[in-house]
Amino acid sequence: DAGVIQSPRHEVTEMGQEVTLRCKPISGHDYLFWYRQTMMRGLELLIYFNNNVPIDDSGMPEDRFSAKMPNASFSTLKIQPSEPRDSAVYFCASSLAPRVGGGLHSTDTQYFGPGTRLTVL
Amino acid sequence: QKEVEQDPGPLSVPEGAIVSLNCTYSNSAFQYFMWYRQYSRKGPELLMYTYSSGNKEDGRFTAQVDKSSKYISLFIRDSQPSDSATYLCAMRASGTYKYIFGTGTRLKVLA
C-alpha cells in the first residue's frame, strides 16, 4: 500500500485566500484524523471521522476551518479565509476500527501522511 | 495548564546510552498511552502503546505507565544515532479517539 497520501506537500498563499488540503487514507481504514503541528502548540487533533462521518470536531479552531469526507478514500480540510496564524504543518492519519478477536485497539495505530506545510503570508 | 506536559529538550546523549523520555498528564480519565517517533520533516510513526499501568518491552524500547502519578516514560537502551528524532507521547480516554499529544522531546544520539 502507498500509505496515507496528502496533497499538496507545500502551499504558500496570501492572507484571505482559500486553502484546500487533501488526504487519501489507507484503503480499508475506518478512521481518518486531521492534525495541525506547530512549534508552540505541538500536534493538535482538529477533527476525526469514522466511516466518513465526523465524530469530534472540537479541535477545529474556528469557523474558518471545515473538513469533509465525501467517501472512504478522500477527505479535505479547507481554510477560508486563511490567516498568517494558520501557518503550520497539517497531517492526515488513518487507522482501522477495533476488531473482535484481535486488534481491539487497532485504532490506536495511526498511520500518518507526510504532511502539508502551509505558509500564509 | 496543558493536559499533557513534555520537556522539549533537546536531549543529547552519546551512542550506547540509556535514554529516558517522560510525559506527565493531568486528566485521570486517560487510559491509553502511546509513543510516536517523528523524524525531521516526516509524519509521526507509532513506536509503542500501553493500555494499563506497568511496563511493556519491545526490543530496545520499554514503555512504562504510572497512573497513580500520572506519569509515563519511554526508555531506549543502547541508543543509536538512528534514534535521533522527536519523540511524542499521546493519550486518550476510554470511549473516544480524541488523542492529546505532548509537544515532543527532541533527542540527539551522538556517534
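Below, all heavy atoms of this structure are taken into account, side chains as well, without hydrogens, waters or symmetry copies. Reminder, nothing fancy here: chain letters follow the sequence lines and each chain counts from 1.
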Contact summary for Tyr36(B) and Asp108(A), nearest pair of heavy atoms: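 Looking at all heavy atoms of both residues, the shortest contact is OH-O, 3.3 Å.
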Residue pairs fulfilling salt bridge (charged side-chain N to carboxylate O under 4.0 Å, His left out) with at least one residue in residues 72-94 of chain A, sequence neighbours excluded: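 Listed once each, the pairs are Glu18(A)-Lys78(A), Glu62(A)-Arg85(A), Arg64(A)-Glu83(A), Arg64(A)-Asp86(A), Glu83(A)-Arg85(A).
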Distance, nearest 0.5 Å, that separates CZ of Arg92(B) from CG of Leu45(A):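 With rounding to 0.5 Å, CZ (Arg92(B)) is 12.0 Å from CG (Leu45(A)).
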Rounded distance (nearest 0.5 Å) linking atom CG of Leu43(A) with atom CD1 of Ile100(B):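 It comes to 10.5 Å.
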Residue, of Arg41(B), Glu45(B), Lys42(B), that accumulates the most heavy atom pairs under 4.5 Å with chain A: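 If we count pairs closer than 4.5 Å to chain A, Arg41(B) comes out on top.
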Side chain / backbone / both / neither for Gln38(B) at chain A, heavy atoms under 4.5 Å: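 The answer is the side chain of Gln38(B).
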Thr96(B) portion near chain A, given a 4.5 angstrom heavy-atom threshold: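 For Thr96(B), heavy atoms of backbone and side chain both lie under 4.5 Å from chain A.
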Between Tyr35(A) and Phe101(B), ring centroids under 6.0 Å: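 Judged by ring-centre distance (under 6.0 Å), Tyr35(A) and Phe101(B) do meet the cut-off.
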Centroid separation Tyr48(A) to Tyr99(B) less than 6.0 Å: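 Not close enough - the centres of the two rings lie 6.0 Å or further apart.
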More than 12 heavy atoms of other groups within 6.0 Å of Asp63(A) CG: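 Atom CG in Asp63(A) is not crowded, with 12 or fewer foreign heavy atoms closer than 6.0 Å.
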Heavy atoms of other groups near Glu57(B) CD, more than 12 under 6.0 Å: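 Yes, CD of Glu57(B) has more than 12 neighbouring heavy atoms, counting only those of other groups under 6.0 Å.
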Going hydrophobic residue to hydrophobic residue with side-chain gaps under 4.5 angstrom, can you get from [X] over to [Y]?
X        : Y        : answer
Leu11(B) : Met48(B) : yes
Val19(B) : Leu74(B) : yes
Met34(B) : Phe61(B) : no

Under 4.5 Å from any heavy atom of chain B - which part of Met40(A):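 Only the backbone of Met40(A) comes within 4.5 Å of chain B.
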Pairs involving residues 2-31 of chain A, ordered by first then second residue, that meet ring-ring contact (aromatic ring centres under 6.0 Å, His included) (sequence neighbours left out):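 Residue pairs passing ring-ring contact (aromatic ring centres under 6.0 Å, His included), neighbours aside: His29(A)-Tyr111(A), Tyr31(A)-Tyr97(B).
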Between Gln37(A), Gln110(A), Arg41(A), the one whose heavy-atom pairs under 4.5 Å with chain B are most numerous: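 Looking at each option in turn, the highest pair count goes to Gln110(A).
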